[in-house]
Amino acid sequence: MLIDTHAHLDYPDYDPDRAEVLARARAAGVTEVISIGTRLDSSRRALALAENHTGVWAAVGVHPCEAGPESLEEVAALRALTLHPRVVALGEIGLDYHRLPEDPDAAAALRVTQAVVFRAQLALAAEAGLNVVVHQRDSWDDTLAILQEFTGRLRAVYHCFGGTTAQAEELFALGHLISFTGIVTFKNAAVVRETARAIPLDRFMVETDCPYLAPVPHRGKRCEPAHTRLVAEQIAALRGVPLEQVAEATTATARGFFRFG
Ligand code: NI
């Protein structure tokens, strides 16, 4: 049994065949899926999916790449959603400095906006007693600094982890976790493969980040929750252990972190 801890099931990519996608997930042993919001509307759709499909749970949040003038109003509206029993986290939230505007003033302003929106959602998570799904890209130090303001009040999973073993250990020391996507199957991903091989078995989860990041041999195509199995198989192979061991450990970690089931 596997849990896809990060799927964008609400995206229109799945409108033609969402029921078949979920059936294929179950057939592959992926019995539970966390559908992750990226804005208020996306979060509402994720929750509707969680209400209507067995084995689907929701995370609600405003993605850093969606942060803008309307975001604080959206975060205020998320508060009502956090009370719902099918909502298991705030996410995905964080900082993304990868595609900032070229104009330095505009870039600085957007970084401030992202930080304000990130902090507001961390405060909401702490108030609601929920953990958080963190997105960081080219923003390691600032993300960690803001997160540390909430130490003891919540824990984070750094999703789509691409860092070194040392970076992962830095997060573990603070009580946080990481999760791996299909990137671990990519030939050019030597750093993250080494991390997936070396870290303790009880510190990570698996995910697809679908519809993105389809693992080999589906690379470049639409990804779906069933592919969580390929991610777990790759990690098991890297570690030289049976798939069942990775499946059991990551499932137990996900249940403990998201506190469902
Ligand atoms: Ni995502």
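Starting from 1, each residue takes its place in the sequence as its number. Whatever order the structure lists ligands and atoms in, that order sets their numbers, starting from 1. What you see is a predicted model, and the numbers here were worked out from it, not measured in a lab.
Aromatic ring orientation, H135 versus H159: tilted (interplanar angle from 30° to 60°). Ring geometry, H227 versus H218: the interplanar angle falls under 30°, so the pair is classed parallel (tilted spans 30 to 60°). Between Y11 and H8, the two ring planes are parallel [angle under 30°; tilted spans 30° to 60°].
Of all the N, O or S atoms in H8, the one closest to the Ni ion (ligand 1) is NE2. With respect to the Ni ion (ligand 1), E92 has OE2 as its nearest N, O or S atom. The atom name of the N/O/S atom in H6 closest to the Ni ion (ligand 1) is NE2. Considering just the N/O/S atoms of D209, the one nearest the Ni ion (ligand 1) carries the name OD1.
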Open item on the list: Using side-chain contact (heavy atoms from CB on, under 4.5 Å), reason through V157 and S179 one step at a time and then give a plain yes or no.
Closed with: CA-CA 7 Å; V157 56; S179 65; 4.0 Å; yes

